[in-house]
Amino acid sequence: MTKKSIFTRQAQAADGTLARGAPDERPPRPSQASPAGAALSTALLDWYDRHARDLPWRTSPADRKRGIRPDPYRVWLSEVMLQQTTVAAVKSYFQTFTKRWPTVADLAGAPDEAVMGAWAGLGYYARARNLLACARVVTLQHNGRFPETAEELRALPGIGDYTSAAIAAIAFDEPAAVVDGNIERVTTRLHAIETPLPAARKAIRAFVDAMTPSLRPGDFAQAMMDLGATICTPRRPACVLCPVSAGCRARMEGRPEEFPRKLAKKAKPARIGAAFVARRASDGAVWLRRRPSTGILGGMSEPPSTDWSSRMDGGTGRDAAPFAAGWRLAGSVAHGFTHFDLVLEVWTAEIDADPATEGWWATPASLVDEALPTLMRKAVAVAESTAPATKERSR
DNA sequence: CACCCGTGGAG
DNA sequence: TCTCCAAGGGT
């Protein structure tokens, strides 16, 4: 027999209606039971029983076998928080949210500002807006219960292909094909898929669909993700420890790190802007305003700022200030966004009267609860650090 | 499909 | 220092 993965037999036998690229990249036909997939899922689930990560939103494999299901609310919340975000970053936010809002109805009843404030720092703030919208739909239109099928879940705000499948599988035992970044990596390696992302997604989905067991589909999905997170890592995967290495084509060919292949990404442009941190002389409060609900950092608070639409050579300067004051340059903040790099000049001034602009005062004590994204928190800190009057006042 | 949308940690 | 990128979704 040739060097062929035991997990690709089905693929060879398949008709290959999806055929594009190398013949052995042909996925099995969806909905067709796959003996090879069964072999993989069995090995993987056995590994998961012994090595599952212990995470706050999870039910252990042992408890799961006793019929204990995780709370759909907690599964949903964790899945949304984990979108493009590391487990390490999510943990404390998950703890905060579940303690403050133990049920979806509690969350639905929360003020927008409270939720945005609690989400501040986690990034991708559209998630927080959609989270709240989803909580309200579930509470008001579904009697406080999450729909139990991927199809129905998919219709809710902030729940796409991945999240709907993940919730359906993990919380409701639906054998939905869960495909996230981890599973894309694991799958492209198992089958040595040469097609670069995102074009390979269709084939990946078909493979995953064939692998997904009808028994323990949720544990299977989480096992794949754990495998990707701890063994089948982007760099230097620990194939020696991998429970499915025997069936991995990339491993056989000695080049697991070459997958998944990806298209080259575009360079990030540079932008510059300015933030104006006005501080109240009497108590050091900072003047804030709300950003528009759409677009970058949508719905979050900020000190009045210019837009960053284009690079202005030589900086922006105090001419861009939202109101007259004794503005002086406190420094600057460099911040990398997903698709551009920003340098934000930070100007500061001390004032007595309220500015004649939309906004509110945030006292030093209330600043922690403000919906300030990390960028704006940095800007306030820069202004703070160069305000000599602060220490004078506080003594 | 291509683009927009944050942040922090790892190497 | 710098690049990569993590349990993606919306438009």
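Letters A, B, ... mirror the listed sequences (proteins, then strands); counts begin at 1. In what follows, every heavy atom counts, from backbone to side chain, and hydrogens, waters and symmetry copies are set aside.
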Evaluate side-chain hydrogen bond (donor to acceptor under 3.5 Å, both in side chains) for A/D283 paired with A/W361, printing each intermediate quantity in order.
-> CA-CA 10 Å; A/D283 61 353; A/W361 288 110; over 6 Å; no
Any Lys/Arg nitrogen of [X] or [Y] sitting under 4.0 Å from an Asp/Glu carboxylate oxygen of the other?
{"X": "A/E257", "Y": "A/R235", "result": "no"}
{"X": "A/E194", "Y": "A/R255", "result": "yes"}
{"X": "A/D161", "Y": "A/R154", "result": "yes"}
{"X": "A/R289", "Y": "A/E358", "result": "no"}

Going by number, which of residues 65-76 of chain A have a non-hydrogen atom under 4.0 Å from DNA chain B?
-> none
Would you indicate what [X] reaches in the nucleic acid, counting non-hydrogen atoms under 4.0 angstrom: base, sugar-phosphate, or nothing?
{"X": "A/S78", "answer": "nothing"}
{"X": "A/R201", "answer": "nothing"}
{"X": "A/R58", "answer": "base"}
{"X": "A/W119", "answer": "nothing"}
{"X": "A/L55", "answer": "base"}

For the residue pair A/I170 and A/Q222, establish whether any side-chain heavy-atom pair is separated by less than 4.5 Å.
-> yes
Quick one: what's the B/S/- string for nucleotides 6-11 of chain B, heavy-atom cutoff under 4.0 Å, read 5' to 3'?
-> BBS---
Could you say whether A/W57 or A/N130 is positioned toward the 5' end of DNA chain C, judged by the nucleotide with the nearest heavy atom to each?
->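 In this pair, the answer is A/W57.
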Could you state the atom-to-atom distance from [atom1] of [X] to [atom2] of [N] in whole Å?
{"X": "A/L342", "N": "B/dC5", "atom1": "CG", "atom2": "C1'", "result": "14 Å"}
{"X": "A/F340", "N": "B/dC5", "atom1": "CZ", "atom2": "P", "result": "7 Å"}
{"X": "A/Y162", "N": "C/dG8", "atom1": "OH", "atom2": "P", "result": "7 Å"}
{"X": "A/F259", "N": "C/dC4", "atom1": "CZ", "atom2": "C1'", "result": "19 Å"}
{"X": "A/L197", "N": "C/dG8", "atom1": "CG", "atom2": "P", "result": "12 Å"}
{"X": "A/D180", "N": "C/dA6", "atom1": "CG", "atom2": "P", "result": "9 Å"}
{"X": "A/E184", "N": "C/dA6", "atom1": "CD", "atom2": "C1'", "result": "12 Å"}
{"X": "A/L131", "N": "C/dG8", "atom1": "CG", "atom2": "C1'", "result": "14 Å"}

Given the P atoms of C/dG9 and B/dG8, what is the spacing between them in whole Å?
->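 Here C/dG9 and B/dG8 have their P atoms 22 Å from each other.
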Tell me, which pairs form a side-chain hydrogen bond (donor to acceptor under 3.5 Å, both in side chains) where one or both residues lie in residues 116-128 of chain A, sequence neighbours left out?
->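 Checked against side-chain hydrogen bond (donor to acceptor under 3.5 Å, both in side chains) - neighbours excluded - the pairs reaching residues 116-128 of chain A are A/T85-A/R127, A/Y124-A/T338.
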Between A/K266 and B/dC3, does any side-chain N or O lie under 4.0 Å from OP1 or OP2?
-> yes
Is any side-chain nitrogen or oxygen of A/H339 closer than 4.0 Å to OP1 or OP2 of B/dC5?
->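 So the side chain of A/H339 is within the cut-off, an N or O lying under 4.0 Å from OP1 or OP2 of B/dC5.
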Considering the options A/V244, A/L241, A/I231, which one meets the side chain to side chain contact (heavy atoms under 4.5 Å, CB included) requirement together with A/W47?
-> A/I231
Which class fits the ring pair A/W327 and A/F276: parallel under 30°, tilted 30 to 60°, perpendicular over 60°?
-> perpendicular
Classify the ring geometry between A/F340 and A/W308 as parallel (under 30°), tilted (30 to 60°) or perpendicular (over 60°).
->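 Aromatic pair A/F340/A/W308 classed tilted.
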